[in-house]
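Structure first, commentary second.
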Amino acid sequence: MAEETLEYDIVIVGAGPAGLCAAIRLAQLSNIQNLKLKICVLEKGNEVGAHILSGAVFEPRALNELFPDWQTQNAPQYTPVTHDEFLFLTLRRGFNFPPPPPLMRNQGNFIISLSQFCRWLAEKAENLGVEIFPGFAAKEILYHENGSVKGIVTGAFGLNKQGLKKPSFQPGIAIHAGFTLLAEGCRGSLSKQICERFKLREGKDPQTYGMGIKEIWEVLPEKHKPGAVLHTIGWPLDHYTYGGSFVYHFNQNLISIGLIVGLDYENPYLDPYEEFQRFKQHPKIRSLLEGGRCISYGARALNEGGWQSIPKLSFPGGLLIGCSAGFLNVAKLKGSHTAMKSGMIAAETVFNALITKDTRELTQYETLLRQSWIGEELHRARNIRPAFKAGLYTGLAYAALDTYLFRGKAPWTFRNKADHTCLKKAALCRRIQYPKPDGKISFDKLTSVQLSNTNHEEDQPIHLVLKDPDVPIKINLPLYDAPEQRYCPAGVYEIVRDATGENPRLQINAQNCVHCKTCDIKDPTQNIEWVPPEGGGGPNYSLM
Ligand SMILES: Cc1cc2nc3c(=O)[nH]c(=O)nc-3n(C[C@H](O)[C@H](O)[C@H](O)COP(=O)(O)OP(=O)(O)OC[C@H]3O[C@@H](n4cnc5c(N)ncnc54)[C@H](O)[C@@H]3O)c2cc1C
Ligand code: SF4
């Protein structure tokens with residue numbers, strides 16, 4: 001449906017840390033050699049940062065390489081980490097690990113808002129000549145006749161629910177480029193297609209994921225400790241559900257608080273959002289939040305598969321970078337620094353190919369990446385997350401052995417299993433009764449969604465596509481008690497019945513979707529496909 005075509009040397013899909021750092025590095029190299037490369041970045045959020053959600057404790061290693069003098073360059077607010085705490089929570093108490101495990105120590109790191117940081121990176125990129133198009137989702141991949149990637153097409157605007165043109169209709173724009181870099185973050189929709197088409201996952205473990213639910217609170221000044229970092233494990237999650245929380249005190253009495261739940265959980269009655277609401281009621285956490293107010297809410301999936309789940313990274317005409325490929329170091333709960341570095345390595349690889357006029361597939365990117373510090377840190381951490389499959393205590397014991405005895409060099413690699421295959425039948429699991437929200441510390445999903453500033457044009461084709469519309473009622477409801485009602489952190493999926501309480505059907509409130517991608521990952525029959533809605537739709541995060 002594209003009418004207009006634009007030509008670029010490089011098109012980058014996604015203005016997160018990976019995409020923006022790739023653009024900046026390319027522009028830096030191009031400017032040094034006076035090459036005047038045409039580089040563009042597409043972003044589905046209505047501005048850069050609008051769809052970025054992270055913790056975030058930031059490791060500045062890649063940034064130091066990209067802008068050695070970044071601290072003097074009007075950098076967005078950052079709070080140096082002053083204190084690290086790691087607690088094991090029980091229902092009422094918290095037990096300290098003194099000192100925290102080495103990978104959870106944050107000396108020399110900073111607490112930031114990643115969405116603010118991306119806005120700053122975008123400014124830097126534009127100053128170097130990069131063109132950034134927020135509000136435009138890349139919807140389809142374009143291919144040359146020889147099968148290599150030719151670029152992308154952005155989504156059209158102005159289609160109604162049935163896919164028919166409204167008076168406001170504007171077709172998508174085709175963007176042709178020598179190289180296409182996919183920087184869509186975790187579970188990117190085009191990245192998924194590319195992995196399938198070019199079989200990039202062949203011989204690799206499936207990618208595995210966690211879901212992070214996060215709020216920003218303004219707390220009473222006497223409770224705020226700028227630079228304090230707290231991580232917890234244990235309660236409210238049971239010992240076979242992987243996950244943990246984070247509480248980061250950043251500037252202006254703000255704290256970033258969240259819970260991550262491994263999406264390999266087994267019980268279909270588990271609701272990650274409700275687990276987070278319970279977590280906030282723990283005496284150690286409630287006392288921090290009391291008297292404060294929640295100002296922002298959001299959720300996002302993150303990669304947990306690590307080294308063994310990284311797909312082949314190149315395909316004819318392009319590369320996968322950042323969390324599109326899965327470089328998050330889950331043992332550290334950090335992926336921004338690896339996303340940035342991967343973007344920079346991709347940029348250098350593409351640049352060399354352009355100056356040598358080499359049009360072959362850029363397989364050397366993968367070699368360089370695996371030899372870089374990304375490869376080193378992901379390889380060392382590769383067995384820690386899968387060890388928790390055997391339960392919390394076994395996982396902790398193995399993590400200690402791996403860190404202190406094997407030092408990440410054990411002569412084995414534990415395997416990963418796809419998250420959607422882990423869900424057990426509802427009949428085999430206990431129902432979980434979650435407490436009602438108190439409206440002060442804990443909330444219901446719809447109240448929270450309002451704090452994500454999510455907005456979609458209502459009259460547009462639904463962007464949560466059911467491959468088979470019968471599956472939710474014929475399979476998911478009887479076998480798993482419709483788990484989509486619970487794992488979606490925005491209340492998008494509801495089973496509704498007629499006045500007699502019969503004839504269940506799945507109602508999809510797509511306008512509430514916060515683009516976390518959990519349904520695309522966790523649906524037990526892989527029947528839900530998340531595709532980009534009209535550009536600019538979705539959450540509107542300012543500080544996430
Ligand atoms: C709850 C949580 C806590 C975390 N905590 C930390 C932490 O403390 N420290 C840390 O270092 N890391 C942390 N991470 C991980 C970190 O946020 C990611 O590793 C990092 O954001 C990955 O960067 P990226 O550029 O690859 O992807 P993203 O940051 O996800 O950016 C991708 C961008 O691409 C856009 N996009 C996607 N698809 C399209 C499309 N088709 N068309 C146009 N635009 C598109 C998205 O809107 C988004 O802006 C955390 C993650 C989560 C979820
Ligand atoms: S519909 Fe899917 S992507 Fe959207 S918020 Fe719910 S689980 Fe996340």
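Only this structure's heavy atoms are used, side chains among them; waters, hydrogens and symmetry mates stay out. Atoms within each ligand, like the ligands themselves, are counted from 1 in listed order. All of these numbers come straight from a predicted model, not from anything done at the bench.
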Quiz prompt | Shortest protein contact, atom 47 (O) of ligand 1 (heavy atom only) | solution = Glu43 OE2, 2.7 Å
Quiz item: For ligand 1, does Thr338 get within less than 4.0 Å through its side chain, its backbone, both, or neither, judged by non-hydrogen atoms?
Solution: neither
Self-check item: Contact flag Cys513/atom 4 (Fe) of ligand 2, N/O/S atoms, threshold under 2.8 Å
Solution: yes
Self-check item: Sub-4.0 Å heavy-atom approach of Tyr493 to ligand 2
Solution: yes
Quiz prompt | ligand 1 contact by Pro17, heavy-atom criterion under 4.0 angstrom | solution = yes
Exercise. Check whether any heavy atom of Phe136 sits under 4.0 Å from an atom of ligand 1.
Key: yes
Practice problem: Using a 4.0 Å heavy-atom threshold (strictly under), name the region of Asn303 that reaches ligand 1: side chain, backbone, both or neither. | Solution: neither
Practice problem: Identify whether NZ of Lys or CZ of Arg in Lys124 sits under 6.0 Å from the centre of the six-membered ring of Phe67 and within 45° of that ring's axis. | Solution: yes
Quiz item: What atoms of ligand 2 come closer than 4.0 angstrom to any heavy atom of Val492?
Solution: 1 (S), 6 (Fe)
Quiz item: Would you say the side-chain atoms of Asn303 pair up with the backbone N or O of Gly305, donor to acceptor, closer than 3.5 Å?
Solution: no
Quiz item: Cys186 to ligand 1: N or O pair under 3.5 Å?
Solution: no
Quiz prompt | Asn329 and its side-chain hydrogen bond (donor to acceptor under 3.5 Å, both in side chains) partner, picked from Lys334, Glu59, Glu377, Arg380 | solution = Glu377
Quiz item: Would Gly188 count as a contact of ligand 1 if the rule is a heavy atom under 4.0 Å away?
Solution: no
Exercise. Output yes if Cys488 passes the N/O/S-under-2.8 Å test against atom 8 (Fe) of ligand 2; output no otherwise.
Key: no
